[in-house]
Chemist: 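There's a structure below that I have some questions on.
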Amino acid sequence: MLFIEYPKCSTCQKAKKWLDDNQFEYESRHIKEENPTFDELKEWYHQSGMPLKKFFNTSGLLYKSMGLKDKLPDMSEDEQLRLLATDGMLVKRPIIVSDQAILTGFRPKEWEEKLK
């Protein structure tokens, strides 16, 4: 299982503690140092079945400063994925990539259902 995080993010810290408390084995990846690539994001997006917007960190400063709320509806899927691949701060975190599921954000109940 791959756990993509921003270590300073309190939500990521809670998610990591949840994984540890539930004895999951995972590989941790720092989203700012090793941002997901276009190809990774495209694959995860298609595997997840989620709307592409769920991969954006809509509460992030960069998302807001770029005015993406208004721009995304006019962008193609590939344009949105390429944008996400430019900066880890645009990507919703944490991300779990496993055989069972692709999950963005940390919602303990959802993680419990999808990962156990």
Side-chain angles (χ1 to χ4, degrees):
M1 174 183 317
L2 179 61
F3 176 66
I4 301 174
E5 64 170 327
Y6 183 60
K8 293 179 183 176
C9 162
S10 61
T11 303
C12 293
Q13 292 166 4
K14 288 176 193 163
K16 192 173 209 167
K17 182 180 182 330
W18 186 91
L19 289 171
D20 292 340
D21 289 349
N22 287 278
Q23 300 176 338
F24 280 96
E25 288 187 26
Y26 57 90
E27 175 190 336
S28 185
R29 182 164 136 191
H30 191 304
I31 199 164
K32 189 76 176 144
E33 293 173 0
E34 193 181 346
N35 191 48
T37 65
F38 170 81
D39 291 332
E40 285 176 324
L41 288 161
K42 188 169 191 162
E43 182 180 331
W44 299 339
Y45 163 57
H46 289 296
Q47 285 178 354
S48 74
M50 292 186 285
L52 188 50
K53 187 174 182 187
K54 293 274 188 192
F55 283 85
F56 279 90
N57 180 11
T58 56
S59 59
L61 296 174
L62 187 56
Y63 180 91
K64 291 176 179 175
S65 70
M66 292 176 73
L68 293 178
K69 181 181 176 187
D70 298 323
K71 293 178 183 172
L72 288 181
D74 297 326
M75 295 171 71
S76 72
E77 227 173 66
D78 275 6
E79 287 172 325
Q80 290 182 48
L81 289 164
R82 285 189 207 295
L83 179 62
L84 281 170
T86 64
D87 193 315
M89 295 293 98
L90 286 174
V91 182
K92 179 82 171 171
R93 56 191 185 266
I95 300 175
I96 287 286
V97 179
S98 76
D99 294 337
Q100 293 93 346
I102 311 290
L103 303 171
T104 60
F106 178 55
R107 290 172 297 285
K109 187 176 179 182
E110 179 187 27
W111 284 33
E112 180 88 29
E113 291 168 4
K114 302 259 172 98
L115 298 177
K116 286 199 166 184

Chemist: Output the distance between atom CG (D99) and atom CE (M1), rounded to the nearest 0.5 Å.
Modeler: 9.0 Å
Chemist: Within this structure, what is the CD-CE distance for the pair Q80 and M75, rounded to the nearest 0.5 Å?
Modeler: 6.0 Å
Chemist: Using the six-membered ring wherever Trp is involved, compare the ring planes of Y45 and F55 and label them parallel, tilted or perpendicular (cut-offs 30° and 60°).
Modeler: perpendicular
Chemist: Does the K71 side chain pair with the main chain of M66, one donor and one acceptor, at a distance under 3.5 Å?
Modeler: yes
Chemist: Tell me if the NZ atom of K116 is crowded by more than 12 foreign heavy atoms within 6.0 Å.
Modeler: yes
Chemist: Determine whether L2 and Y26 fall in the same hydrophobic cluster, where Ile, Leu, Val, Met, Phe, Trp and Tyr are linked whenever their side-chain heavy atoms lie under 4.5 Å apart.
Modeler: no
Chemist: Transitively linked via ILVMFWY side-chain contacts under 4.5 Å: I4 with L62?
Modeler: yes
Chemist: Determine whether a donor-acceptor pair (N or O, by modelled atom type, separation under 3.5 Å) exists between the side chain of S48 and the backbone of I102.
Modeler: no
Chemist: To the nearest 0.5 angstrom, please state how far the CZ atom of R82 sits from the OG1 atom of T37.
Modeler: 11.0 Å
Chemist: Are any of the side-chain heavy atoms of K42 and D78 separated by less than 4.5 Å?
Modeler: yes
Chemist: Pairs under 3.5 angstrom only: tabulate donor-acceptor contacts from the side chains of residues 83-93 to other protein residues two or more places apart or in another chain.
Modeler:
residue, atom, partner, partner atom, Å
T86, OG1, L83, O, 2.6
D87, OD1, K32, NZ, 3.4
D87, OD1, M89, N, 2.8

Chemist: How long is the straight-line distance from NZ of K16 back to CD of Q13, given to the nearest 0.5 Å?
Modeler: 9.0 Å
Chemist: Under 4.5 Å between side-chain heavy atoms, hopping through other hydrophobics if needed: is there a path connecting V97 to W18?
Modeler: no
Chemist: Following the transitive rule for hydrophobic clusters with a side-chain heavy-atom cut-off under 4.5 Å over Ile, Leu, Val, Met, Phe, Trp and Tyr, establish whether W44 and I96 coincide in one cluster.
Modeler: no
Chemist: Taking side chain as C-beta onward, heavy atoms only, is K114 less than 4.5 Å from S98?
Modeler: no
Chemist: Is any side-chain heavy atom of F106 less than 4.5 Å from a side-chain heavy atom of C9?
Modeler: no
Chemist: Among the clusters formed by ILVMFWY side chains lying less than 4.5 Å apart, do F3 and Y6 turn up in the same one?
Modeler: no
Chemist: For a 4.5 angstrom cut-off between non-hydrogen side-chain atoms, does F56 reach T104?
Modeler: no
Chemist: Between the main-chain N or O of S28 and the side-chain N or O of E5, is there a donor-acceptor pair closer than 3.5 Å?
Modeler: no
Chemist: With rounding to the nearest 0.5 angstrom, report the OH to OG1 distance, Y63 to T58.
Modeler: 6.0 Å
Chemist: Within this structure, what is the CG-CG distance for the pair L68 and N57, rounded to the nearest 0.5 Å?
Modeler: 10.5 Å
